[in-house]
Asks: 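If you scroll down you'll find the structure; I have some questions about it.
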Amino acid sequence: MRSPLVNKLSLIFGPRPSLNCILLCLVSVCVLIVLLSPFSSTTFDSVTSYAKPDIYTNYRKLKEQARNDYLEVKSISLGANLIKDVGLCGKERENYVPCYNVSANLLAGLKDGEEFDRHCELSQEHQNCLVRPPKEYKIPLTWPAGRDVIWSGNVKLTKDQFLSSGSMTKRLMLLEENQIAFHSEDRMIVDGVKDYSHLIADMIGLGSDTQFLQAGVRSVLDIGCGFGSFGAHLLSLRLMALCVAPYEPSGSQVQLALERGLPAVIGNFISKQLPFPSLSYDMVHCAQCGIIWDSKDGLFLIETDRLLKPGGYFVLTSPTTQQQDSTTSTKKGITSSSLEGFTKKLCWSLLAQQEETFIWQKTADSHCYTSSQDKISVCKGNDMQMYYQPLARCISGTTSHRWVPIHRKSDHLNSTELEIHGLHPDDFFEDSNFWKLALRNYWSLLSPLIFSDHPKRPGDDDPLPPYNMVHNVMDMNAHYGGLSAALMEARKAVWVMNVVPLGARNTLPLIHDRGFSSVLHNWCEPFPTYPRTYDLLHANGLLSHIASQKCSMFELLLEMDRILRPEGWIILSDTLGTIEKARTLAAQIRWEARVIDLQNGSDQRLLVCQKPFVRK
C-alpha cells in the first residue's frame with residue numbers, strides 16, 4: 001500500500017509522472033529538512049556504541065516515513081512495475097507442510113516407510129500464495145499461561161480425534177469448548193511427569209532430577225514427545241529439551257508442542273539421519289515413541305549412538321516391556337535380549353531397569369569400538385555435513401576432538417574447547433559483546449512497536465511486551481549462537497531455534513556444545529515445521545547468503561510468512577541493496593516494513609517487519 005504522500009503526487013502527475021526530476025527534488029528537499037534538523041538524532045544506535053533507553057521516538061518515525069516515501073517515489077520515477085499483493089492459499093493449506101507428500105512419494109516408488117519421510121526433491125507443489133490461518137485462529141496466550149492452555153482452533157485436532165485417542169492423551173489433555181488445557185501434573189507413565197523425571201534421575205544414580213545439570217545432562221532429544229509435558233518439565237529444570245516427531249496430517253505432536261511454546265521440529269527415524277551433528281545430545285529419550293528399535297539390524301540405535309555424547313544416556317520406556325502375563329513376559333524377554341545384543345556392540349552399558357523403563361549409558365572410551373571384532377565398524381571420513389544423509393551402519397565421532405565425556409564438560413566453553421571449533425577466544429568474546437548490544441537495540445526497537453499494537457488493559461499485570469508477546473524465536477543464520485546466548489543472559493522468556501544454513505560455515509557442533517537447540521538447514525527448501533509456529537524470525541546476512549546459493553529471496557520470504565504466526569515479527573540485517581529489494585517483496589507479502597539505518601558508517605541496514613492478521 002502506498003503512502004498518502006505518493007497517492008497525492010500520483011493524482012497530480014498521473015500514475016507515470018512525466019516530471020520525475022521535479023518529484024525527486026520535492027521529496028529530497030523534505031528528507032533533507034528532516035535529516036538536517038538541529039534536533040536530528042540517529043534512528044538506531046550503532047552496534048559499536050552503547051544503546052540508549054529510547055531509540056525509536058515519534059520524530060524518528062516521521063524521519064523514516066519521509067525516507068520511505070522518497071524510496072517509493074524513486075521506484076515509480078524509475079519505471080518500476082508494482083506487482084499486486086500475493087493472494088491467499090486455499091483452506092486446504094491452512095496446516096500445509098511442504099516436502100511431506102505421501103502420494104507423490106508413493107508414485108516415485110518409495111516404500112518401506114520412506115514414503116513418510118522428507119523428500120523436497122519430489123515436491124512440485126510450489127504456489128506463490130500466503131498460508132492463511134484457520135477461521136477460528138486466535139493469537140496464542142502469553143507465556144507462561146500459553147504453555148498450559150492453547151486455543152483448540154490453532155491446531156488441527158478435532159474433538160472426535162481427541163475422543164478416539166489413547167488414554168495417555170486423555171490424561172494429559174482436557175478439551176473444553178475452544179481451549180485445550182494440558183495438565184503436566186496428571187498421571188503419565190508412572191505417577192506423573194515429575195515422578196517419572198525423578199525415577200530417571202534415581203536410575204542413573206542421582207538424588208533428584210534437579211541434579212541433571214550437575215551430572216552433565218544439559219540437552220535432551222525427546223523422540224516422539226507426545227504433547228510435550230515431559231519436555232516442559234525439563235525446561236523448568238533449565239535443561240534444553242528438543243522434541244522430534246514425525247510429520248502428521250492432524251493431531252501433530254510437533255504442532256501442539258510449538259503452540260505451547262516448547263522447542264520442537266519435524267523429524268523421522270526412517271531412512272535418513274537427523275540434521276544434527278555427531279555428539280550433540282547428553283540424553284536421548286523415547287517414551288512410547290513408536291520406534292521398533294531392534295529393526296533394520298539396529299540402524300536406529302546406531303543413529304542414536306551418533307547423536308549421543310560420550311557418557312550420554314538413552315532412556316527407553318515402552319509398554320511392550322510391561323509384565324502383565326506370561327505371554328507379555330515372554331515377549332519382554334525376546335525384546336530385551338535383542339536390544340541387549342545391539343547395545344553391547346555399541347559399547348553401551350545397561351545402567352538400570354525398572355518395569356517398563358530401561359536406561360543405557362554410552363561409553364566414554366572411544367577405543368571400545370576397535371577393541372573387539374564383534375563391534376560395529378567405525379565410520380571413515382568427515383561427517384560434519386550430515387544434511388539428511390542415509391542412515392549409516394557405522395560408528396561416528398570416535399576420532400573427533402569433541403569426544404569429551406559429558407561429566408567433564410564445563411557450563412561454558414573454555415579456550416581449549418573454542419580452539420577445537422577453530423575459534424579464537426578473543427573473536428568469541430567480541431561476538432558475544434556484539435550480540436549483547438544488538439539484543440538491547442532490538443528490544444528497545446520492538447518494545448514500543450509491540451506496545452502500540454498490543455496496549456495493556458487496565459488491571460493487566462502481565463509484564464511489558466515484548467517479554468510476553470515473543471517466545472518462540474528462530475535465528476535463521478545463527479553463526480556462533482550469539483543471539484541465543486544474549487537472550488539467555490538477559491533472562492528473556494524465550495527459546496531460540498538456531499539454524500545454520502547449508503553452505504555456510506558449519507558452526508552447528510559449536511552451538512550444540514553451548515547447550516542450544518540447533519539444526520542444519522538448506523534455506524532453498526522449506527523448514528520442517530508447521531505454519532504459524534514462531535513469534536520472531538531473525539536473520540543476519542541470510543539474504544546475501546541465499547543469493548550466493550542461487551536461491552529465490554521471494555520464496556524464502558513466503559516460507560518465512562508460512563512459519564510465522566499472525567502479528568509476528570521479522571528482523572532482517574543485510575546490505576542496503578539487498579534490504580531495499582526485500583522491502584519491495586515484503587510489501588507484496590503484505591508485511592508492514594520499516595527500514596532502519598544503523599548510522600554506523602556501513603551500508604548495513606535493518607528491515608523490521610510485522611506480519612498482519614489476514615483473514616479472507
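Here the structure is a predicted model, which means the values were calculated and not measured.
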Asks: Take L446 and V608 through the side-chain contact (heavy atoms from CB on, under 4.5 Å) test and state the conclusion after the steps.
Replies: CA-CA 9 Å; L446 286 179; V608 180; 4.1 Å; yes
Asks: Main chain of A485, side chain of R514: is a donor-acceptor contact present, judged purely on distance under 3.5 Å?
Replies: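 Flag not set: sc R514 to bb A485 has no pair under 3.5 Å.
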Asks: Distance from L308 atom CG to S396 atom OG, nearest 0.5 Å?
Replies: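 Here the interatomic distance stands at 12.0 Å.
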Asks: Measure the spacing between CD1 of I359 and OH of Y313 and express it to the nearest 0.5 Å.
Replies: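 That separation rounds to 8.5 Å.
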Asks: So among T578, L556, N477, which one has a side chain to side chain contact (heavy atoms under 4.5 Å, CB included) with I546?
Replies: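 Of the listed options, the one satisfying the test is L556.
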Asks: Going through the distances and angles, do D574 and R605 end up as a salt bridge (Lys or Arg N to Asp or Glu O under 4.0 Å)?
Replies: CA-CA 6 Å; D574 224 298; R605 298 292 185 273; over 6 Å; no
Asks: Is there a side-chain contact between C243 and L262 in this structure, where contact means two heavy atoms from C-beta onward sitting under 4.5 Å apart?
Replies: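 No, too far: nothing below the 4.5 Å cut-off.
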Asks: Decide yes or no for Y480 and R505: does some side-chain heavy atom of the first lie under 4.5 Å from some side-chain heavy atom of the second?
Replies: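 Contact flag for Y480/R505 side chains = yes.
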Asks: Do the rings of W523 and H521 sit parallel, tilted or perpendicular, given the 30° and 60° boundaries?
Replies: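 Ring orientation of W523 relative to H521: perpendicular.
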Asks: According to ring pair (Phe, Tyr, Trp, His ring centres under 6.0 Å), who are the partners of W435, at least two apart in sequence or on a separate chain?
Replies: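 Once residues adjacent in sequence are excluded, the partners of W435 under the ring pair (Phe, Tyr, Trp, His ring centres under 6.0 Å) criterion are H538.
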Asks: Is a donor from one side chain sitting under 3.5 angstrom from an acceptor on the other, for D535 and H471?
Replies: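 There is no such pair (donor and acceptor under 3.5 Å, judged by atom type) between the side chains of D535 and H471.
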Asks: Indicate whether any N or O donor in one side chain lies under 3.5 Å from an N or O acceptor in the other, for Y534 and T529.
Replies: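 No, because no side-chain N or O of Y534 sits under 3.5 Å from a partner of the opposite role on T529.
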Asks: Please check if atom CZ in R393 has more than 12 non-hydrogen atoms from other residues, nucleotides or ligands closer than 6.0 Å.
Replies: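 Yes, the 6.0 Å shell around CZ holds more than 12 heavy atoms from other groups.
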Asks: Please check if the side chain of S444 supplies one atom and the backbone of N441 the other of a donor-acceptor pair under 3.5 Å.
Replies: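 No, the answer is negative, given that no donor and acceptor are paired below the 3.5 Å cut-off.
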Asks: Just so I know, are the side chains of L607 and I570 near enough to count as touching, which here means a heavy-atom distance under 4.5 Å?
Replies: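 L607 does not reach I570 side chain to side chain.
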Asks: Please tell me whether Y387 and E525 have a donor and an acceptor in their side chains that are separated by less than 3.5 angstrom.
Replies: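 A donor-acceptor contact under 3.5 Å links the two side chains.
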Asks: How long is the gap from OG on S219 to CD1 on I406, to the nearest 0.5 Å?
Replies: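 One gets 8.5 Å once the value is rounded to the nearest 0.5 Å.
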Asks: Does T533 reach the main-chain N or O of Y530 with its side chain, forming a donor-acceptor pair under 3.5 Å?
Replies: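 A pair under 3.5 Å: yes.
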Asks: Rounded to the nearest 0.5 Å, what separation is found between the CG atom of D117 and the OG atom of S271?
Replies: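 Spacing of CG (D117) from OG (S271) equals 4.0 Å.
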Asks: What's the verdict on side-chain contact (heavy atoms from CB on, under 4.5 Å) for F516 and W495, showing C-alpha distance, side-chain angles and the deciding distance?
Replies: CA-CA 9 Å; F516 303 146; W495 70 273; over 6 Å; no
Asks: Would you compute the distance between atom OH of Y442 and atom CG of L536 and round it to the nearest 0.5 angstrom?
Replies: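 Atom-to-atom, Y442:OH and L536:CG are 9.5 Å apart.
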Asks: I'd like to know if the side chain of D603 reaches the main chain of T575, judged simply by a donor and an acceptor atom lying under 3.5 Å from each other, with no hydrogens or angles considered.
Replies: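 No, D603 side chain to T575 backbone: no donor-acceptor pair under 3.5 Å.
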Asks: How far apart are the closest heavy atoms of L557 and L572, and which atoms are they?
Replies: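 That would be CD2-CD1, 4.4 Å.
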Asks: If we ignore hydrogens and angles and just use 3.5 Å, is the side chain of Q361 paired with the main-chain N or O of G311 as donor and acceptor?
Replies: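 At least one qualifying donor-acceptor pair exists.
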Asks: For the side chain of Q253 and the backbone of C225, is there at least one donor-acceptor N/O pair under 3.5 Å apart?
Replies: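 Checking the backbone N and O of C225 against the side chain of Q253, a donor-acceptor pair under 3.5 Å is found.
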Asks: Measure the CH2-CD distance between W360 and E340 for me, rounded to the nearest 0.5 Å.
Replies: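 That separation rounds to 9.0 Å.
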Asks: Determine the minimum heavy-atom distance between L543 and A582, stating which atoms define it.
Replies: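 Minimum heavy-atom separation between L543 and A582: CD1-CB, 3.7 Å.
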Asks: Using a 3.5 Å distance criterion without hydrogens, assess whether the side chain of K272 forms a donor-acceptor pair with backbone atoms of R118.
Replies: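 Answer holds: yes.
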Asks: Is K362 close to C347 at the side-chain level, that is, under 4.5 Å between some pair of heavy atoms?
Replies: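 Result no, sub-4.5 Å side-chain heavy-atom pair not found.
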Asks: Report, as yes or no, whether the 6.0 Å neighbourhood of atom NZ on K345 holds more than 12 heavy atoms from other residues, nucleotides or ligands.
Replies: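 12 or below, so no.
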Asks: Near Q211 CD, under 6.0 Å, is it more than 12 heavy atoms from other residues, nucleotides or ligands?
Replies: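 Yes, CD of Q211 has more than 12 neighbouring heavy atoms, counting only those of other groups under 6.0 Å.
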Asks: With distance as the sole test, does R402 use its side chain to make a donor-acceptor pair with the main-chain N or O of I420 at under 3.5 Å?
Replies: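 Such a contact is absent between R402 side chain and I420 backbone.
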Asks: Do Y281 and H512 make the cut of ring centroids closer than 6.0 angstrom?
Replies: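 Aromatic pair counts; centres sit under 6.0 Å.
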Asks: Any non-hydrogen side-chain atom of F300 less than 4.5 Å from a side-chain atom of L391?
Replies: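 Of all side-chain heavy-atom pairs linking L391 with F300, at least one is under 4.5 Å.
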Asks: Could you tell me whether I292 atom CD1 has more than 12 heavy atoms of other residues or ligands within 6.0 Å of it?
Replies: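 Counting other residues, nucleotides and ligands, CD1 of I292 stays at 12 neighbours or fewer.
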Asks: Counting neighbours of CD on Q549 that are heavy atoms of other residues, nucleotides or ligands and sit closer than 6.0 Å, is the number greater than 12?
Replies: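 Yes - once you tally the heavy atoms of other residues, nucleotides and ligands closer than 6.0 Å, there are more than 12.
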Asks: Any idea which heavy atoms bring I302 and A392 closest together, and the distance?
Replies: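 Residues I302 and A392, closest heavy atoms: CG2-O, 3.4 Å.
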Asks: Might you work through the side-chain contact (heavy atoms from CB on, under 4.5 Å) test for M497 and V519, ending with a clear yes or no?
Replies: CA-CA 8 Å; M497 175 60 76; V519 297; 4.2 Å; yes
Asks: Side-chain contact test, heavy atoms from C-beta onward, threshold under 4.5 Å: evaluate it for Q255 versus V97 and give yes or no.
Replies: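 SC-SC contact between Q255 and V97 ruled out.
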Asks: Is there a donor-acceptor pair closer than 3.5 Å between any side-chain N or O of S197 and the backbone N or O of V193?
Replies: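 It does not hold such a pair.
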Asks: Who pairs with F269 by ring pair (Phe, Tyr, Trp, His ring centres under 6.0 Å), at least two apart in sequence or on another chain?
Replies: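 By the ring pair (Phe, Tyr, Trp, His ring centres under 6.0 Å) rule, F269 matches W293.
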Asks: Which heavy atom in L542 sits nearest to a heavy atom in P501, and how many Å separate them?
Replies: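 So the minimum-distance heavy-atom pair works out to CD1-CG, 3.9 Å.
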Asks: Taking all atoms of both residues into account, what is the closest heavy-atom pair of A264 and L242, and its distance?
Replies: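 Closest approach of A264 to L242: N-CD1, 3.6 Å.
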Asks: Testing the 3.5 Å rule here: is there a donor-acceptor pair between the side chains of Y100 and N268?
Replies: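 No pair is found: no donor N or O on one side chain lies under 3.5 Å from an acceptor on the other.
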Asks: Any side-chain heavy atom of D202 within less than 4.5 Å of one from Q354?
Replies: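 Of all side-chain heavy-atom pairs linking Q354 with D202, at least one is under 4.5 Å.
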Asks: Grab the two heavy atoms, one from D431 and one from G482, that are nearest each other, plus how far apart they are.
Replies: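 Closest approach of D431 to G482: OD2-CA, 4.0 Å.
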Asks: Checking H421 against D513: is there a side-chain donor and acceptor pair closer than 3.5 Å?
Replies: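 A pair is found: one side chain offers a donor N or O, the other an acceptor, under 3.5 Å apart.
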Asks: Check whether any side-chain heavy atom of Y388 lies under 4.5 Å from a side-chain heavy atom of Q273, and answer yes or no.
Replies: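 Answer no - side chains too far apart.
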Asks: Is there a donor-acceptor pair under 3.5 Å between the side chain of E417 and the backbone N or O of N414?
Replies: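 Pair found, side chain donor or acceptor close to backbone of N414.
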Asks: Using the benzene-type ring in the case of Trp, are the ring centres of H479 and F434 under 6.0 Å apart?
Replies: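 For H479 and F434, the ring centres are not under 6.0 Å apart.
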Asks: Verify side-chain contact (heavy atoms from CB on, under 4.5 Å) between V500 and S518, making sure each step is shown before the conclusion.
Replies: CA-CA 7 Å; V500 175; S518 184; 4.1 Å; yes
